[in-house]
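All chains are named by letter (A, B, ...) in the order of the sequence lines, taking the proteins before the strands, and each is independently numbered beginning at 1. Just so it is clear, the model here is predicted, and its values are computed rather than measured.
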There are 2 protein chains.
Amino acid sequence: MADSTDPRVTRSREAILSAARELLREDGPAAVTHQNVAKRAGVGRATVYRHWPQPRMLLDDTMAGVRMPFFRDPAPPVRPWLARQMRTLADELALPEVQAVTAALLHGTPEEPDASARREHLIATISGQLGTALDSATRTGELQPSADLLDAPATIIGPLVFRSMFERRPVTDAMIDHLLNALGTWTAPST
Amino acid sequence: MADSTDPRVTRSREAILSAARELLREDGPAAVTHQNVAKRAGVGRATVYRHWPQPRMLLDDTMAGVRMPFFRDPAPPVRPWLARQMRTLADELALPEVQAVTAALLHGTPEEPDASARREHLIATISGQLGTALDSATRTGELQPSADLLDAPATIIGPLVFRSMFERRPVTDAMIDHLLNALGTWTAPST
DNA sequence: TGCTTCTGAGTCAAGTTGTCTCATAAGATG
DNA sequence: CATCTTATGAGACAACTTGACTCAGAAGCA
């Protein structure tokens, strides 16, 4: 049943998850209840319970379905790679779904006590990737950091989050550029 | 009744709001229900309904009771004033209450459709104060901005928010200093 | 075709929400 | 101190939600 290929199952699951994502996006995590989801998905309430006995799991899978922005596969030269990642991150942070999940990560609902763990994991991954990339840039001489690189995630990503989620305005390329400059002195690698 | 001085009323109201704040801090906005608040405050459920017929209003007043960090009363020289404000903001962002309200601002609960308005107002106030201060610093020559000052709120406050709410680590004075430097070139005013 | 499995509709108990009533006690007024 | 006023807590109440269960029937499979 878990990995069933029965088309009825997949159809139900997809309808349910899609409805759940809509609800999460529109009304927040609290709205992702079995009843709401069933009604929105045009599916029997019992069916939702069958697939996700606990509401926590439903919200979990719903959030997992929203691709959270990562800093994947660092590759030299670091600066243009970082700029691309920041651009992607900024664009994704503009999506209501991603905003909803991000907000949900910040204060776990009562039914989602794992929000802290999920948040920590996300942050650890991002910081790890970013740290690796910046360390390597420092080692190759591409970057001379002007401050503790442990502050880099906050310095770089913080403004993007603030701009997207608090100010709700688009992140400009100029802003990304300026944030990169604030990290330290960049030297174009041997071309 | 609204501005009653009856000690019974004030006693009830304070007990209720205090309990509501605790719940908001501990379990998030969704936990601020009449029932929960009444039980926690040791007060009849009807009493809570009497004072706040709509749950929205209760959550509203609860959030209003949490002092949100502002950038008040800009005064030259701007740089040390800004550093102090950022220190204060960072310290407040470390408080669970402030974090809960901030998170609630990011995604209004269904019962709190005014969250957007509240968020916009808060951001507008902060950006306004910050903009005024930085403009004046630019005019007096204290600051030569290295980027669009409209990005300043995101550049300055974003990292503090990210550090406090996502990374959950303390903001160092060195980080504040570095963020200020990233704004542009500062010139000590005539001493 | 016949067999298996998933589905939707519906029932049910337990709990929550919002509204109302009423005796009581706390506070104001003389 | 006596009396009037008003907020309070307890409880009753219907409407609704939640989670668990049953069952006939439809969809998929052999």
Please report, rounded to the nearest Å, how far the [atom2] atom of [N] is from the [atom1] atom of [X].
X     : N      : atom1 : atom2 : answer
A:Q54 : D:dG19 : CD    : C1'   : 11 Å
B:L58 : C:dG18 : CG    : P     : 11 Å
B:Q35 : C:dG18 : CD    : P     : 10 Å
B:K39 : D:dA10 : NZ    : C1'   : 15 Å
B:W52 : C:dT17 : CH2   : C1'   : 18 Å
B:Y49 : D:dC13 : OH    : C1'   : 13 Å
A:D6  : D:dG28 : CG    : P     : 7 Å
B:N36 : C:dG15 : CG    : C1'   : 13 Å

Out of [options], which nucleotide sits closest to the side chain of [X]?
X     : options                : answer
A:A46 : C:dG8, D:dT18, D:dT8   : C:dG8
A:R8  : D:dG19, C:dA28, D:dA26 : D:dA26
A:R50 : D:dC29, C:dG8, D:dT18  : C:dG8

Checklist line | A:N181 side chain to A:R79 side chain, donor-acceptor N/O pair below 3.5 angstrom | finding: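 Side chains of A:N181 and A:R79: pair found under 3.5 Å.
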
Check: Backbone N or O of A:A124 within a donor-acceptor pair of the A:S127 side chain at under 3.5 Å?
Finding: no

Side-chain N or O of [X] closer than 4.0 Å to phosphate OP1/OP2 of [N]:
X     : N      : value
A:S12 : C:dT7  : yes
B:R11 : C:dG27 : yes
A:T47 : C:dT7  : no
B:H34 : C:dT16 : no

Item checked: Option from A:R169, A:H178, A:R163 for which side-chain hydrogen bond (donor to acceptor under 3.5 Å, both in side chains) with B:D151 holds ->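 When side-chain hydrogen bond (donor to acceptor under 3.5 Å, both in side chains) is applied between B:D151 and each of A:R169, A:H178, A:R163, only A:R163 qualifies.
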
Check: Is B:R45 side chain donor-acceptor paired with the C:dG18 base, going by distance under 3.5 Å alone?
Finding: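 Looking at the base of C:dG18, it does pair with a donor or acceptor on the side chain of B:R45 (distance under 3.5 Å).
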
Check: Would a 4.5 Å heavy-atom cut-off, applied to side chains only, mark B:T155 and A:F162 as touching?
Finding: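 Side-chain contact under 4.5 Å: no.
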
Notebook entry, point to check: For the hydrophobic clusters of this structure (ILVMFWY residues joined by side-chain heavy atoms under 4.5 Å, transitively), does one cluster hold both B:L180 and B:L134?
Noted result: yes

Check: Toward the 5' end of DNA chain D, which comes first, B:G42 or A:T33, by nearest nucleotide?
Finding: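 Its nearest nucleotide lies further toward 5', so the answer is B:G42.
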
